[in-house]
*Asks:* 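Below are the structure tokens for one structure; questions will follow.
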Amino acid sequence: MNGSPGTVKAFVATALAALLASTAAAIPAEATAPPRPPATTSTAAVPPEAIPVPSAAAPLPGHVSTPAALASGRVPAAGPVPPAAPAWTPPLSTRGRYIVDADGNRFKLKSGNWHGASGTWTGTGDRDDPANHHAGEKADRVPLGLDRAPMSEIVAGFRELGLNSVRLPFSNEMVHDPRPVADASVAANPALRGRTPLQVYDAVVAALTGAGLAVVLNNHTNTTRWCCGVDGNERWNAGRTDAEWEADWLFMARRYRHEPRVVGADLYNEVRRSVWDDPNWGLGDRHDWFAASQRVGDRILQEADPDLLIVVEGINWTGVPVDGLPHGRPTLEPVQRLSHTLVRSGKLVYSAHFYDYTGPHHTGATGVGETSDNRYRDFGREELFDVLDRQAFYVSGQAGRHFTAPVWISEFGIGGRDEHGEKPRAWFENFVDHLIARDADFAYWPMVGWHEEGKGNGWALLHWDSAGRRIGVFDGDDWRAGAWSRLVAAEGHTGPVPSTDRWSMLGPDHGDVVQSLRMRAAGDWDAGARKAACPDGQRLAGLAHTGGRSLCTDAAVRDLWAVDGRYEVVRDERHVPPGGDWASGYTKLQCPTGHFLTGYSVRGAAVSAALCVEARTPLGADGRTVWFDRGDNRPPQARGGDFAHGRFKGQCADDEYAAGIAYTGRVGSSRTPDALLCRKLG
């Protein structure tokens, strides 16, 4: 683009105004965040004394009414008492594309978002004026509605809607905010008076978990401000350092560690472009969302709470939204080529957000900055399904890949009584049909809203007026009721989920990827080299000729390591027996007898060492050489997927283990891997 720096800056800033309307609602321009308060020192949740907590099996107070009833002044009629919440045993983990409880039974996240603690202020004007808060709904740094209804009633409403879990947003600023919330903001819950926002958050967590609901903590924003646009909250580190962000997550995970129904850490909401910078997936810089989420997810599991699910949302937006310039919503598409491998297998969940007025290349803006790209509501039913599968649902739809994981649609929603548009309504019906067809985990945005005489923002499924009277989606005049009923009652997989083989990618592109807790405890086993090691319980199955990436698995045998965890770092041919030259003319880093490959290290592109660990059972000794220096060499219908896109790859069969790596140092070679020694497991 030609022009002076000032002209270019003005043009880009104008174009980026389109982002102000993306995924939630239009918000004003960026404002300066308030100073960060001193860090909170306590790591234990403050007990919510005297807060009514509904029992998981207790009868619920019906509180259902229609706008007509409200207008007439009639007392709301009692609604039907829902059944007790289904029994489930925490903690949660994953098996392939499913989330399961501790008994191995499917736990489908049927969730809603209870927002407010992450902020409702739009960024300009007096924070105390409701007019300066999204839709006039002033939450005062706590979950919305606590001024209008008892917490027990709100939680009971969630159960009436068929939910088993709640996504509970918070801001980093809220975590450190020492100011008590205003009495008026918790008027319907007087026991919360005088508490800080974090202490109110504690009480909400206790009420939800006490009712048998699972809670997923969601770091929604840096500052307590309405999300999501060019607002200073675009990235996890937009308003704080990476170290501060990670420390906040460790604090929150430890705070609720002893509440087993706090089941997940949703790491950051809608990572997107700022005025000048795009987030990325794997470039290794400070805008690399893949690396940041990998790092903090591992730290949470290793240092704070090993039982939490780690929820990673795809990238929400990159590029300048101007026709003719690159721009789009990557969502989970990059996962196919670069997926996470956590230090604890079975803890990764991917997530994505979809709204009708946004699109795969549309921010959702109208007017200035609006592009000619389709919004999701512009696609026909089948084309919409294809787009959704490409952007997100393929992750759970393809079994036996390095990226296979549950996909949680942690935000979707639409206006209710006042939404009369044909396209938005059709989109919602179609989207719900797709959630049902894919048996997908979901979380509606939002659950709680305000109304006066039936009028208000309209997006929530439950609304309370200033007198504490409620209207809900099932009151007979909300067009969404049928689709919502279909969704929460839809048949899907239930009961036991069989154990499945795990496939994991290692990519030491920019540094160590030691995903074995045993090897992390062992220290630096090849100083100065970039090291990669499979998670505990898995073994090396495949390796790329260039680029350093590899594939791990536990196919055919689980946790092959010997109990005492003995390992050897092999840097030469000392374990190649006489007459056992399986790669003539090449240097062979071969494991000793009874050992298998679980990792390796590189210096630049060159092989540095092989990491061999002792097996707990006898291993086969007969082997074959798998060459991949001139092309792919993988088994027919190889499982695990393409773990090194665009590179030559070698892979052992599912019933084999890798016992050695060969490379050459001859002229013209970069000492990259050329062959694997694959042997039968036994």
*Asks:* Quick one: do the His220 and Ser171 side chains pair a donor with an acceptor below 3.5 Å?
*Replies:* no
*Asks:* Decide, yes or no, whether a salt bridge links Asp231 with Arg272 under the criterion of side-chain N to carboxylate O below 4.0 Å.
*Replies:* yes
*Asks:* For the atom pair OG (Ser118) and CG (Leu144), what is the distance rounded to the nearest 0.5 Å?
*Replies:* 10.5 Å
*Asks:* Classify the ring geometry of Phe442 against Trp484: parallel below 30°, tilted from 30° to 60°, perpendicular beyond 60°.
*Replies:* perpendicular
*Asks:* Is the closest side-chain heavy-atom distance between Val473 and Tyr444 below 4.5 Å?
*Replies:* no
*Asks:* Report, one line per pair, each donor and acceptor closer than 3.5 Å where one atom sits in a side chain of residues 382-389; sequence neighbours left out.
*Replies:*
from, atom 1, to, atom 2, distance (Å)
Asp389, OD1, His434, NE2, 2.9
Asp389, OD1, Arg438, NE, 3.1
Asp389, OD2, Arg438, NH2, 2.8

*Asks:* So, Gln294 side chain and Thr341 main chain: donor-acceptor pair closer than 3.5 Å or not?
*Replies:* yes
*Asks:* Answer whether the closest heavy-atom distance between the side chains of Glu234 and Arg273 falls below 4.5 Å.
*Replies:* no
*Asks:* Please determine whether a side-chain nitrogen of the Lys or Arg among Lys423 and Asp378 lies less than 4.0 Å from a carboxylate oxygen of the Asp or Glu.
*Replies:* yes
*Asks:* Any heavy-atom pair between the side chains of Ile300 and Ile310 that's under 4.5 Å?
*Replies:* yes
*Asks:* For a 4.5 angstrom cut-off between non-hydrogen side-chain atoms, does Glu411 reach Ser351?
*Replies:* no
*Asks:* Check for a donor-acceptor pair, side chain of Asp323 on one end and backbone N or O of Ser372 on the other, with a separation under 3.5 Å.
*Replies:* yes
*Asks:* Which residue, Trp236, Tyr268, Phe170, forms the ring pair (Phe, Tyr, Trp, His ring centres under 6.0 Å) with Trp249?
*Replies:* Phe170
*Asks:* Please round to the nearest 0.5 Å and tell me the distance separating atom CG of Asn457 and atom CD of Glu137.
*Replies:* 5.0 Å
*Asks:* Between Trp289 and His340, does the ring centroid distance fall short of 6.0 Å?
*Replies:* no
*Asks:* Establish, from distance only, whether the side-chain atoms of Asn269 and Asn218 form a donor-acceptor pair under 3.5 Å.
*Replies:* no
*Asks:* With distance as the sole test, does Arg425 use its side chain to make a donor-acceptor pair with the main-chain N or O of Glu419 at under 3.5 Å?
*Replies:* yes
*Asks:* Under the 3.5 angstrom rule, does the side chain of Glu370 hit a backbone N or O of Gly367 as a donor-acceptor pair?
*Replies:* yes
*Asks:* Does Gly413 offer a backbone N or O that forms a donor-acceptor pair with the side chain of Arg480 under 3.5 Å?
*Replies:* no
*Asks:* Test side-chain hydrogen bond (donor to acceptor under 3.5 Å, both in side chains) on Trp408 and Asp266; report intermediate values, then the result.
*Replies:* CA-CA 10 Å; Trp408 184 34; Asp266 185 347; over 6 Å; no
*Asks:* Please state whether the rings of Phe412 and Phe431 are parallel, tilted or perpendicular, taking 30° and 60° as the class boundaries.
*Replies:* tilted
*Asks:* I want to check something: taking the side chain as every heavy atom from C-beta on, are Thr224 and Asp177 in contact at a cut-off of under 4.5 Å?
*Replies:* no
*Asks:* Would you check if Met174 and Val142 make a side-chain contact, meaning some heavy-atom pair closer than 4.5 Å?
*Replies:* no
*Asks:* For Trp450, is the NZ or CZ atom of Arg148 found under 6.0 angstrom from the centre of its six-membered ring and inside 45 degrees of the ring axis?
*Replies:* yes
*Asks:* Spell out, as yes or no, whether a donor-acceptor pair under 3.5 Å connects the side chain of Arg337 to the backbone of His645.
*Replies:* no
*Asks:* In terms of side-chain heavy atoms, does Arg381 have a donor or acceptor partner in Asn430 at a distance below 3.5 Å?
*Replies:* yes
*Asks:* Return yes if some donor-acceptor pair links the side-chain N/O of Lys347 with the main-chain N/O of Val311 below 3.5 Å, else return no.
*Replies:* no
*Asks:* With distance as the sole criterion, is a donor-acceptor pair present between the side chains of Glu270 and Asn233 under 3.5 Å?
*Replies:* no
*Asks:* For Thr366, is there any backbone N or O sitting under 3.5 Å from a side-chain donor or acceptor partner on Tyr357?
*Replies:* no
*Asks:* Under the 3.5 angstrom rule, does the side chain of Asn113 hit a backbone N or O of His115 as a donor-acceptor pair?
*Replies:* no
*Asks:* So, using side chain to side chain donor-acceptor pair (under 3.5 Å) as the criterion, who are the partners of Asn374 when residues are at least two apart?
*Replies:* none
*Asks:* Going by the angle between their ring planes, with limits at 30° and 60°, are Phe158 and Trp114 parallel, tilted or perpendicular?
*Replies:* perpendicular
*Asks:* What pair of heavy atoms forms the shortest contact from Gly416 to Asp478, and how long is it?
*Replies:* CA-OD1, 4.0 Å
*Asks:* How long is the gap from CZ on Arg401 to OG on Ser396, to the nearest 0.5 Å?
*Replies:* 13.0 Å
*Asks:* Measuring from atom CE of Met252 to atom CG of Asn172, what distance do you get when rounded to the nearest 0.5 angstrom?
*Replies:* 9.0 Å
*Asks:* Looking only at heavy atoms, what is the nearest atom pair of Ala483 and Phe428, with distance?
*Replies:* CB-CE2, 3.7 Å
*Asks:* Is there a side-chain contact between Val263 and Val216 in this structure, where contact means two heavy atoms from C-beta onward sitting under 4.5 Å apart?
*Replies:* yes
*Asks:* Determine the sole option in Asp242, Asp512, Asp288 for which the salt bridge (Lys or Arg N to Asp or Glu O under 4.0 Å) test with Arg295 is passed.
*Replies:* Asp242
*Asks:* Look at the side chain of Thr331 and the backbone N and O of Glu333, then say whether any donor-acceptor pair between them is shorter than 3.5 Å.
*Replies:* no
*Asks:* So, Asp477 and Arg417, do they make that salt bridge, N to O below 4.0 Å?
*Replies:* yes
*Asks:* So how far is it from Thr371 OG1 to His362 NE2, rounded to the nearest 0.5 Å?
*Replies:* 4.5 Å
*Asks:* Mind checking the NZ-CG spacing from Lys110 to Leu487? Nearest 0.5 Å is all I need.
*Replies:* 8.0 Å
*Asks:* Below 4.0 angstrom, N of the basic side chain to O of the carboxylate: do Arg549 and Asp509 qualify?
*Replies:* yes
*Asks:* Given side chains that start at C-beta, do those of Trp503 and Leu551 come closer than 4.5 Å, heavy atoms only?
*Replies:* yes
